[in-house]
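Not measured: the values here are computed from a predicted model. Note that ligands are numbered from 1 as they come in the structure, with each ligand's atoms numbered from 1 the same way.
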Amino acid sequence: MYLITWRLFSFPGQKRLKKASVLVVGCGGLGCPAAQYMAGCGIGRIGLVDYDVVELSNLHRQLLHSEFNLGVPKVTSLAQALLRLNSSLKIDEYNVQLSSANALEIFAKYDIIVDASDNVATRYLVNDAAVLSGRPLVSGGAVGCEGQLTVYNYKDGPCYRCLFPEPPPPETVSNCSDVGVVGPVPGCIGVLQALQVIHIITEKGEVASGKLLLFDGVSFTFRSIRLRGKSPTCKICGSEPTITQLMDYEQFCGLPANDKDSGLNILDASERVSPVFLEQAIAKKLPLLLIDVRSPVEFEMCRLPESTNIPLKLLNKEETVDRLKEMWATVAGNQNAESRVYLVCRRGNDSQLGVRRVQNILKCQVFDVKGGLHAWSRDVDPSFPIY
Ligand SMILES: Nc1ncnc2c1ncn2[C@@H]1O[C@H](COP(=O)(O)OP(=O)(O)OP(=O)(O)O)[C@@H](O)[C@H]1O
């Protein structure tokens, strides 16, 4: 298995690979192919971090997981696949959410970090932890049919914060669940992340530091663009850093805490209802406006019959404000004191963000459905499809 690597990189290069250790954050669409090729080329130790379990909807792009492992932690499922490929590999499994509390301790055990996660808060966390622990960071991303890759914090190159000192507003961020992702795209970027890891370890090929590789799967083109260099005023890697320890990244990015199932924390309990409560309100025919804030694509896939789709990103738009007011007028017009607005989404995170906006627009009682449609499927209607 290692022969090809050996011929290209020579015996000392192969020994370096064997001695190296790499941490992969995220065992999904990018993490699976990245880890697979790292295991194949003979990297000695791989750490895997993920707090999720394998779901059916993952399998079109996370190809080392399988139907046999539905419900199994992703780190375990991926570790099994990698060991089938290379039994001499050492694997450390971290079935946890990477957070400010554990990142530095985990990063200290590895030479190189691979960011294969899928959200902005984790990207800042991984960047900051990589800078503070002095590790190069191989970063990849894929949404829709587009992918990108770069290497941060390598020698004198920039870090993520040099280029993006502040996070984008949450409503402008597209993720895979908004627009989907075409499986081979993260597959391709993950494989290239593995190649960058090999280049860093063997010091043979070009490292994409200060460069961004862009892949467009529709026009089928690769482009490499030069990025700004290291920023002398960067808050974490500049000459006078003001960030010297990890922070609360969900808060920094203006996001609800990343609790996948309960999605708690930016609203207090009185602004949230359970799916069972909503079901009873519907059954009693109480006057209500139920807004589903997911993307139209997701709304098409499955929805509650009483719901209307207004994606989170559109909630503040002028035409939506008018539409919202009209819809609310038809519900609240009869002055029934029990009239309510409920917001729902996939897991109960985006709906929390929407509550404040709708409260400001309609000046009425607006509630978030805790845990979203996942919790509806779990607690009210098991036949409701989850994805
Ligand atoms: N802070 C974190 N700690 C641990 N794992 C993380 C963290 N942030 C993201 N991840 C993991 O990174 C992986 C990213 O994989 P991918 O982009 O394919 O998305 P996914 O969450 O599996 O897909 P879907 O959105 O369809 O459920 C996920 O398995 C996710 O659990």
Student: Enumerate the atoms of ligand 1 whose separation from the nearest heavy atom of G26 is less than 4.0 angstrom.
Tutor: 11 (C), 12 (O), 13 (C)
Student: Is a salt bridge present between K74 and D52, judged by a nitrogen-to-oxygen distance below 4.0 Å?
Tutor: yes
Student: Parallel, tilted or perpendicular: which one describes the rings of F164 and Y160, with boundaries at 30° and 60°?
Tutor: tilted
Student: Looking at non-hydrogen atoms alone, which of V25, V143, N95, L98 comes nearest to atom 3 (N) of ligand 1?
Tutor: L98
Student: What I want to know is whether C27 and ligand 1 share at least one N or O pair that is separated by under 3.5 angstrom.
Tutor: no
Student: Consider every N or O of D50 and every N or O of ligand 1, then say whether any pair is closer than 3.5 Å.
Tutor: yes
Student: For G29, take its heavy atoms, then give the atoms of ligand 1 lying under 4.0 Å from any of them.
Tutor: 15 (O), 16 (P), 18 (O)
Student: Under the criterion salt bridge (Lys or Arg N to Asp or Glu O under 4.0 Å), which of R356, K370, R340 is the partner of E271?
Tutor: R356
Student: What's the separation between atom OG1 in T244 and atom CD1 in I236, rounded to the nearest 0.5 Å?
Tutor: 8.5 Å
Student: Counting from 1, what ligand 1 atoms have a heavy atom of N119 closer than 4.0 Å?
Tutor: 8 (N), 9 (C)
Student: Is any side-chain N of the basic residue among R161 and D128 closer than 4.0 Å to the acidic one's carboxylate O?
Tutor: yes
Student: Flag the pair C27 / L78 as yes when at least one side-chain heavy-atom distance between them is below 4.5 Å, and no otherwise.
Tutor: yes
Student: Strictly under 4.0 Å, does any heavy atom of L125 approach an atom of ligand 1?
Tutor: no
Student: Of the listed options (R346, Q62, R123, E55), which comes nearest to atom 25 (O) of ligand 1 when hydrogens are ignored and any heavy atom counts?
Tutor: R346
Student: Determine, using heavy atoms of A116 and all atoms of ligand 1, whether some pair is separated by less than 4.0 Å.
Tutor: yes
Student: Using side-chain heavy atoms (C-beta onward) and a distance below 4.5 Å, is L362 in contact with K325?
Tutor: yes
Student: I need the contact type for A142 against ligand 1. Using non-hydrogen atoms and a strict under-4.0 Å cut-off, is it side chain, backbone, both or neither?
Tutor: neither
